[in-house]
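A quick write-up on the structure given underneath.
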Number of protein chains: 2
Amino acid sequence: MPTSADRLVRTLSQHGLRQTPVRRSVLQVLADAAFALSGSEIEQQLPAGTDRITLYRTLKSFEESGLIHRVIDSTDVVRYAACSIECSAEAHFDNHVHFKCTICQHIYCLNQVAIPTVTLPAQFQVVSRDYLLAGVCRECQPAV
Amino acid sequence: MPTSADRLVRTLSQHGLRQTPVRRSVLQVLADAAFALSGSEIEQQLPAGTDRITLYRTLKSFEESGLIHRVIDSTDVVRYAACSIECSAEAHFDNHVHFKCTICQHIYCLNQVAIPTVTLPAQFQVVSRDYLLAGVCRECQPAV
DNA sequence: AATACAAAAGTAACAAAGTTGCAGTTGAGC
DNA sequence: GCTCAACTGCAACTTTGTTACTTTTGTATT
């Protein structure tokens, strides 16, 4: 039975990335996260002393390889979440809505909720779609 | 017949804001823009010597007053667009999709295209929605 | 039209987030 | 166990935006 570490190794090599301590830790952090994380949030969860520049470069190459995806936020920070198993550099299946809680600020990937399509005026060619909901999440509902 | 300047004056006073040179210029720039602008893009279009801090404060108060709205982007910059006539601090009618061109990078407000709703798992309470499409806009279509 | 006062502007210093260039290190295939 | 491109680490920097504080100004009132 494959351990969590095995899975990380496999994921990296499947995407043509080298096995390095930083990459394994970053991937671990994102895989364990229940919601999208910003660069500095990831940094805080990494082993102390991990270089910030290396982290940003790691995130960039992970994104290019289709390992993680950018999650849009209503503020000016970029957040990332681990892609579901089917993603690759060639084909991103990131067709789900995101939900941002205005209380805890967490952004959830609602993998089971697909983004509805819209009809656009002629001449607009759509390549990708992002749908971000904001409101109050399960955890932050006021007690009844 | 009301001039463009008259309209600016009226818009500011209707929202309880004072008439100042910076506010008039910022509002003018946003009203004239065909697409959403970032802080620094607005700064470039203002009269030379306009203070950057004042600009950011102006944007903040415009947003709070419902004169402009934040437009989410897939990058880490905040962009703003002038609200349509019906918005106020109390009621924002910002229920339209946005379209980002991957070639010219412009973000258009498609005021005529409403955001479709989705059904969420129980316990998620939705307050607002953002829908950002990406692709190629009218201007950037390859010649046929 | 002078006054008063809060709202807005200006100035300086700072902070967070992310990038670039370059030298050194290391994983992985031969 | 060599080789080399891929990756890391350091320094210095840029961009974007903020905070604290002082000065100026728009507007309502007399």
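Chain letters run A, B, ... following the sequence lines, proteins first and then strands; every chain starts at 1.
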(message) Measure CG/B:Leu27 against P/C:dA8 and give the value in whole Å, please.
(response) 14 Å

(message) The test is side-chain contact (heavy atoms from CB on, under 4.5 Å); show your working for A:His96 and A:Leu110 and say whether it passes.
(response) CA-CA 6 Å; A:His96 58 268; A:Leu110 301 183; 5.6 Å; no

(message) Rounded to whole Å, please give me the gap between CZ in A:Arg79 and C1' in C:dA16.
(response) 14 Å

(request) Apply the test side-chain contact (heavy atoms from CB on, under 4.5 Å) to residues A:Leu12 and A:Phe62: give CA-CA distance (whole Å), side-chain angles for both, the deciding distance (0.1 Å), then the verdict. (result) CA-CA 9 Å; A:Leu12 285 171; A:Phe62 278 9; 3.9 Å; yes

(message) Just the rounded figure in Å: distance from P of C:dA16 to OH of B:Tyr56.
(response) 17 Å

(message) Is B:Thr54 close enough to C:dG10 that one of its side-chain N or O atoms is under 4.0 Å from OP1 or OP2 there?
(response) yes

(request) For the residue pair B:His106 and B:Phe35, categorise the inter-ring angle as parallel (less than 30°), tilted (30 to 60°) or perpendicular (more than 60°). (result) parallel

(request) Show your working on side-chain contact (heavy atoms from CB on, under 4.5 Å) between B:Tyr80 and B:His69 and close with a plain yes or no. (result) CA-CA 6 Å; B:Tyr80 293 95; B:His69 63 265; over 6 Å; no

(request) Report the distance from atom CG of B:Leu55 to atom P of D:dT15, rounded to the nearest whole Å. (result) 16 Å

(message) As a test of reading the structure: which of C:dA8, C:dT11, D:dG17 is closest to the side chain of B:Ile53, going by heavy atoms?
(response) C:dT11

(request) Determine the contact category for A:Ser40: base if any of its heavy atoms lies under 4.0 Å from a base atom, sugar-phosphate if only primed atoms, P, OP1 or OP2 are that close, otherwise nothing. (result) sugar-phosphate

(request) Please name the pair of heavy atoms, one in B:Leu55 and one in B:Gly39, separated by the smallest distance, quoted to 0.1 Å. (result) CD2-O, 3.5 Å

(request) Respond yes when some side-chain nitrogen or oxygen of B:Thr20 is under 4.0 Å from OP1 or OP2 of C:dA9, and no when none is. (result) yes

(request) Let me know the distance between CG of A:Asp73 and P of C:dA17, rounded to the nearest Å. (result) 12 Å

(request) Over 60° means perpendicular and under 30° means parallel, so classify the ring planes of B:Phe124 and A:Phe99, tilted if in between. (result) perpendicular

(request) Select from B:Arg23 and B:Asp51 the residue whose nearest nucleotide in DNA chain C is closer to the 5' end of that strand. (result) B:Arg23

(message) Between A:Gln105 and A:Lys100, is there a side-chain heavy-atom distance shorter than 4.5 Å?
(response) yes

(request) Measure the distance from CD on A:Glu43 to P on C:dT19 and round it to the nearest whole Å. (result) 13 Å

Detail all sub-3.5 Å separations between protein N/O atoms and N/O atoms belonging to nucleotides 22-26 of chain C.
from: C:dT26; atom 1: O2; to: A:Arg18; atom 2: NH2; distance (Å): 3.0

(request) State, to 0.1 Å, how close B:Arg23 and B:Ser61 come at their nearest heavy-atom pair, and which atoms those are. (result) NH2-OG, 3.4 Å

(message) So if I take the C1' atoms of five pairs at each end of the helix from C:dA1-D:dT30 to C:dC30-D:dG1 and get each local axis, what angle do the two axes make, rounded to 10 degrees?
(response) 40°

(message) Return whichever of A:Arg52 or A:Ser61 has its heavy-atom-nearest nucleotide of DNA chain D closer to the 5' end.
(response) A:Ser61

(message) Tell me the closest heavy-atom pair linking A:Thr75 and B:Val78, and the distance in Å.
(response) C-CG2, 4.3 Å

(request) Starting at atom CD of B:Glu41, determine the distance to atom C1' of D:dT16, rounded to an integer number of angstrom. (result) 13 Å

(request) Determine, stepwise, if the pair B:Glu43 / B:Gln45 fulfils side-chain contact (heavy atoms from CB on, under 4.5 Å). (result) CA-CA 5 Å; B:Glu43 196 185 353; B:Gln45 295 192 37; over 6 Å; no

(request) Using atom CZ of A:Arg24 as one end and atom P of D:dC7 as the other, report the distance to the nearest whole Å. (result) 13 Å

(request) May I ask you to evaluate whether A:Thr58 reaches the phosphate of D:dT8, defined as a side-chain N or O under 4.0 Å from OP1 or OP2? (result) yes

(request) Looking at every strand, decide which applies to B:Val77 at a 4.0 Å heavy-atom threshold: base, sugar-phosphate, or nothing. (result) nothing

(message) The side chain of A:Pro21 is closest to which nucleotide in this list: D:dG17, C:dG27, C:dT19?
(response) C:dG27

